[in-house]
2 protein chains.
Amino acid sequence: MNKISGRTIERLSFYRRLLIKLAAGGEDRVYSHRLAEEVGVTAAQVRRDLMEIGFSGSTKKGYDIEKLVGFIGKVLDNPSGEPVALVGLGNLGRALLPFFAAHHPKLKIVAAFDSDPAKTGRVIHGCRSYPSRELQPVIEREKIRVAILTVPAAAAQEVSEELAAAGVKGILNFAPAMLRLPAAVSVESIDMAIALEKIAYLARRGRAE
Amino acid sequence: MNKISGRTIERLSFYRRLLIKLAAGGEDRVYSHRLAEEVGVTAAQVRRDLMEIGFSGSTKKGYDIEKLVGFIGKVLDNPSGEPVALVGLGNLGRALLPFFAAHHPKLKIVAAFDSDPAKTGRVIHGCRSYPSRELQPVIEREKIRVAILTVPAAAAQEVSEELAAAGVKGILNFAPAMLRLPAAVSVESIDMAIALEKIAYLARRGRAE
DNA sequence: GCTTGTGAATCTCTTCACAGCG
DNA sequence: CGCTGTGAAGAGATTCACAAGC
């Protein structure tokens with residue numbers, strides 16, 4: 001169950017989301033075809049992914065939804081929950097707080113940071129905000145290993161280094177900048193400006209496929 | 001210069017961003033190595049990408065920055081500019097307005113929509129907001145072909161169909177939902193919840209590579 | 001020497017297609 | 001039968017490595 005590819009991780013996450021929805025609708029078993037159809041991949045892909053994590057559906061009638069949700073959880077989640085830091089309380093950061101607060105049972109934003117004193121020392125959407133100066137101590141105290149970075153591009157490298165130094169091992173980076181960090185720190189970048197340029201390109205040229 | 005892969009488009013966008021920064025710093029030529037290093041890919045990858053769009057640097061001393069920026073622009077941009085619609089003025093949508101308004105010379109959000117009358121009929125960050133009912137006429141009038149979708153997941157499918165019907169050809173989808181649309185419409189989804197789960201996973205397991 | 005441009009090799013990811021099972 | 005699990009084939013993307021230019 002060791003090295004699972006990034007693509008597979010993403011799809012597992014999608015599968016789980018859908019499975020939970022199906023379970024809420026009262027279903028308890030599902031075929032790879034169905035899962036594939038709803039998530040937008042092929043059935044073979046679904047079976048491969050489940051094979052990769054070592055999950056077996058009974059051949060009889062597809063996969064047991066509840067079991068599969070649990071199994072995916074064992075792969076993706078930290079059983080004891082995962083505290084997350086949000087760094088940068090600009091427009092985007094403030095918008096993400098309620099967005100992430102809403103959903104996840106395991107992932108929880110427990111601390112927010114900003115360099116602007118006007119934005120700190122408060123509680124925003126149930127999350128305490130601290131001045132940047134307290135970044136390292138708070139992250140260490142709360143044992144935070146995952147951070148969301150929503151600072152301006154110019155500050156991103158510096159702040160990410162502080163995060164890494166404080167012990168953060170994964171950064172979800174929204175700043176339009178490339179972060180250079182030790183290999184022990186994983187970075188996943190969401191570059192919305194690039195995504196918009198891409199979709200504008202695709203809209204002009206005909207659709208691929 | 002025809003079918004360019006999605007990956008390449010994204011990287012071209014990155015290259016351009018960097019090139020503009022270099023040009024602002026007074027530089028006028030650049031080697032593939034340098035570009036690669038700063039963007040986080042290999043030099044061979046850079047050269048492949050430029051080959052793919054048919055750009056030739058002089059062998060003498062790398063690539064002419066200004067020419068390359070222009071060339072990438074010819075590939076990516078609609079020369080007459082690209083009007084964009086934003087649909088969904090919740091927290092995220094409102095945060096994206098200034099974010100996108102800031103930067104791009106060609107891509108410009110010219111209309112925003114929301115189903116909540118309290119949020120419409122105003123001008124937010126220089127962008128006029130309309131009630132959803134006016135979605136189709138406004139999009140047709142403004143000849144909008146690109147839309148950013150920031151509505152709740154439950155509404156995403158329906159709204160995206162309206163967009164498609166109104167003539168939109170590319171959708172940047174932030175809703176955690178899979179859109180089923182005619183193949184003529186391109187969809188690029190940014191699923192922040194999935195991305196956060198992924199980075200949490202990577203933070204727990206050691207880094208890949 | 002240092003580049004770029006590029007065929008060929010490699011790696012990674014996805015799909016095919018079928019054995020095996022209930 | 002129609003399903004899952006999976007070896008093998010296929011597609012795509014990346015890197016290697018080297019010819020050719022200045």
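Note that the structure is a prediction, hence the values are computed from the model and not measured. Basis for what follows: all heavy atoms, side chains included, without hydrogens, waters or symmetry-related copies. Naming: A, B, ... by sequence-line order, numbering from 1 per chain.
We find that CZ of A:R48 is positioned 11 Å from P of D:dA8, with the value rounded to whole Å. Atom CG in A:L35 sits about 14 Å away from atom C1' in D:dC3, given to the nearest Å. One atom, NZ of B:K3, and another, P of D:dA13, lie 13 Å apart when rounded to the nearest Å. Atom CD of B:Q45 and atom C1' of D:dA17 are 16 Å apart (whole Å). For the pair A:Y31 OH and D:dG5 P, the interatomic distance rounds to 14 Å; values are reported in whole Å. Rounded to whole Å, the distance from CG on A:L50 to C1' on D:dT6 is 13 Å. Distance A:R7 CZ to D:dG12 P: 13 Å, rounded to the nearest Å. Distance CZ (B:R47) to C1' (D:dG21): 14 Å, rounded to an integer number of Å.
Shown for residues 61-69 of chain B: residues whose heavy atoms fall under 4.0 angstrom of DNA chain C, namely B:G62, B:Y63.
As judged by a 4.0 angstrom heavy-atom cut-off over every strand, B:R11 is placed among residues touching the sugar-phosphate backbone only. Nucleic acid contact class of B:T8 (heavy atoms, under 4.0 Å, all strands): none.
Shown here are the side-chain contact (heavy atoms from CB on, under 4.5 Å) partners of B:D116, two or more places apart in sequence or in another chain: B:D114, B:A118, B:K119. For A:K61, the side-chain contact (heavy atoms from CB on, under 4.5 Å) partners two or more places apart in sequence, or in a different chain, are A:R29, A:Y31. Take B:E142 and apply the side-chain hydrogen bond (donor to acceptor under 3.5 Å, both in side chains) test, not counting sequence neighbours, and it matches no residue. Shown here are the ring-ring contact (aromatic ring centres under 6.0 Å, His included) partners of B:Y130, two or more places apart in sequence or in another chain: B:F113.
One finds no side-chain N or O of B:T42 lying less than 4.0 angstrom from the OP1 or OP2 phosphate oxygen of D:dT14.
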>> Please evaluate residues B:L86 and B:L97 with respect to the criterion side chain to side chain contact (heavy atoms under 4.5 Å, CB included), reporting the C-alpha separation (whole Å), side-chain torsions for both, the decisive distance (0.1 Å), and the verdict.
In response: CA-CA 8 Å; B:L86 176 79; B:L97 261 183; 3.7 Å; yes
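Taking CD1 from B:I124 and OG from B:S129, the interatomic distance works out to 4.5 Å, rounded to the nearest 0.5 Å.
Mapping B:M51 and B:H33 onto DNA chain C via the closest heavy atom, the residue that lands nearer the 5' end is B:H33.
Of the options B:H104, B:R16, B:K106, a side-chain hydrogen bond (donor to acceptor under 3.5 Å, both in side chains) to B:D77 is made by B:R16 and by none of the others.
Judged purely by distance below 3.5 Å, without hydrogens or angles, the side chains of A:N78 and A:S80 pair a donor atom with an acceptor atom.
Of all nucleotides in DNA chain C having an atom under 4.0 Å from a heavy atom of chain B, the first and last in 5' to 3' order are C:dT3 to C:dA8.
By the 6.0 Å contact criterion, CD on A:E66 is open, its count of non-hydrogen atoms from other residues, nucleotides or ligands being 12 or less.
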